[in-house]
Amino acid sequence: GTPLRFSLVLVPRFPEHRLAGGMVEALKAWTHRLCLAWDWHAEFVDVRPDRLALTLTLGPEVAPAQAVQQLRDGLAARLLQTYPHLSADLPSGRFWASPFLLTNGTLPPDVEVADFIQETRRSQGFKPRA
């Protein structure tokens, strides 16, 4: 079958959990490693302080929502193991906010990603930054 290409944006559960420093390269490496383990291909991985955005290619037998869940869980486990201080805020072990942005093909424009992040924070009850 034809491979499926989609893009995904994940946002840390708490706005103060910034993706920065050594976490950036670690997230990139872990993403590529997890994708390799599941026979997926990470075409593009972009880590910014407020989000992780990627474009993946999956085999036709893999449902994108299933891939998202596996990737979220795998990355969260590695983050909490490597950065144990985050566990105090995350007794659930869920590093990523529940909503995620999933699109067919390439990532949407930055303005749409920013709107998604703002809406996620609003739905969580966080006040917008001034």
Side-chain angles (χ1 to χ4, degrees):
T2 304
L4 177 63
R5 184 174 184 227
F6 72 94
S7 293
L8 165 68
V9 176
L10 298 175
V11 177
R13 185 165 296 278
F14 292 103
E16 63 270 19
H17 291 170
R18 309 297 282 170
L19 307 177
M23 201 181 280
V24 173
E25 289 307 313
L27 279 166
K28 288 179 181 180
W30 294 332
T31 298
H32 286 289
R33 190 103 175 138
L34 287 168
C35 287
L36 182 62
W38 289 312
D39 291 328
W40 308 337
H41 176 68
E43 294 180 23
F44 174 78
V45 180
D46 183 34
V47 183
R48 296 191 189 174
D50 60 347
R51 57 121 172 116
L52 168 65
L54 32 117
T55 301
L56 300 176
T57 303
L58 308 175
E61 72 285 351
V62 181
Q66 174 190 355
V68 169
Q69 193 59 47
Q70 287 176 273
L71 195 56
R72 282 167 49 122
D73 290 349
L75 291 173
R78 283 162 178 76
L79 280 163
L80 295 176
Q81 182 178 23
T82 306
Y83 302 95
H85 67 279
L86 296 172
S87 296
D89 285 342
L90 303 165
S92 66
R94 297 182 191 156
F95 178 80
W96 305 104
S98 293
F100 55 85
L101 180 62
L102 184 65
T103 60
N104 188 28
T106 59
L107 282 165
D110 283 345
V111 67
E112 287 181 37
V113 173
D115 287 346
F116 164 73
I117 294 168
Q118 185 176 22
E119 178 57 28
T120 297
R121 296 299 181 219
R122 190 194 63 70
S123 71
Q124 291 177 305
F126 292 108
K127 298 204 182 323
R129 291 183 181 186

Any Arg5 side-chain heavy atom under 4.5 Å of Thr106 side chain: yes
Smallest heavy-atom separation, Pro108 atom then Glu112 atom, equals CB-OE1, 3.3 Å
Within the 3.5 Å criterion, strictly below it, is a donor on Arg78 or Gln81 matched to an acceptor on the partner's side chain?
no
### Task
Just do the side-chain contact (heavy atoms from CB on, under 4.5 Å) check on Val68 and Phe6 with the steps written out, would you?
CA-CA 10 Å; Val68 169; Phe6 72 94; 4.1 Å; yes
One should read off an interatomic distance between His85 NE2 and Leu80 CG, to the nearest 0.5 angstrom, of 9.5 Å
Query raised in the report: With a 4.5 Å limit on heavy-atom distance, are the side chains of Leu71 and Leu8 in contact?
Result: yes
query = Just wondering, do Phe116 and Pro99 contact through their side chains at under 4.5 Å, heavy atoms?
reply = yes
Shortest non-hydrogen pair, Trp40 vs Leu58, comes out as CG-CD2, 3.3 Å
Closest non-hydrogen contact found for Tyr83 with Met23 is OH-N, 3.2 Å
I want to check something: taking the side chain as every heavy atom from C-beta on, are Leu86 and His17 in contact at a cut-off of under 4.5 Å?
yes
Looking only at heavy atoms, the pair that brings Ala42 and Cys35 closest together is CB-SG, 4.0 Å
- [ ] Could you check if a side-chain atom of Leu107 sits within less than 4.5 angstrom of a side-chain atom of Thr55, using non-hydrogen atoms only?
- [x] yes
Item to complete: Answer yes or no: is there a donor N or O on one side and an acceptor on the other, between the side chain of Arg13 and the main chain of Trp96, under 3.5 Å?
Response: yes
#### Entry: Stepwise side-chain contact (heavy atoms from CB on, under 4.5 Å) test for Leu10 and Phe95
CA-CA 10 Å; Leu10 298 175; Phe95 178 80; over 6 Å; no
Rounded to the nearest 0.5 angstrom, the OG1-CG distance for Thr31 and Leu36 is 12.5 Å
Determine whether a donor-acceptor pair (N or O, by modelled atom type, separation under 3.5 Å) exists between the side chain of Ser7 and the backbone of Thr103. no
**Message:** Quick check: is Phe126 connected to Val113 through a chain of hydrophobic side chains (ILVMFWY, heavy atoms under 4.5 Å apart)?
**Reply:** no
- Task: Spell out, yes or no, whether Leu101 and Leu56 are grouped together once hydrophobic residues are joined by side-chain heavy atoms under 4.5 Å, including indirect joins.
- Result: no
side-chain contact (heavy atoms from CB on, under 4.5 Å) with Leu27: of Val45, Leu54, Leu75, only one passes, and it is Leu75
With side chains defined as the heavy atoms from C-beta onward, is the minimum distance between Pro12 and Asp50 less than 4.5 Å? no
Open item on the list: Starting from Val9, can I reach Leu34 by hopping between I/L/V/M/F/W/Y residues whose side chains sit under 4.5 Å apart?
Closed with: no
- Test side-chain contact (heavy atoms from CB on, under 4.5 Å) applied to Trp30 and Thr82, step by step: CA-CA 12 Å; Trp30 294 332; Thr82 306; 3.4 Å; yes
Please check if Trp38 and Leu102 belong to a single hydrophobic cluster, counting links between Ile, Leu, Val, Met, Phe, Trp and Tyr side chain heavy atoms closer than 4.5 Å.
yes
Could you tell me whether Asp46 and Arg51 have a side-chain N and a carboxylate O separated by less than 4.0 Å? yes
Heavy-atom side-chain contact between Leu4 and Asn104 under 4.5 Å: yes
Inset, instruction - Answer yes or no: is there a side-chain heavy-atom contact under 4.5 Å between Glu43 and His41? - result: yes
Inset, instruction - Indicate, with yes or no, if Leu19 and Ile117 share a hydrophobic cluster defined by side-chain heavy-atom contacts under 4.5 Å among Ile, Leu, Val, Met, Phe, Trp and Tyr. - result: no
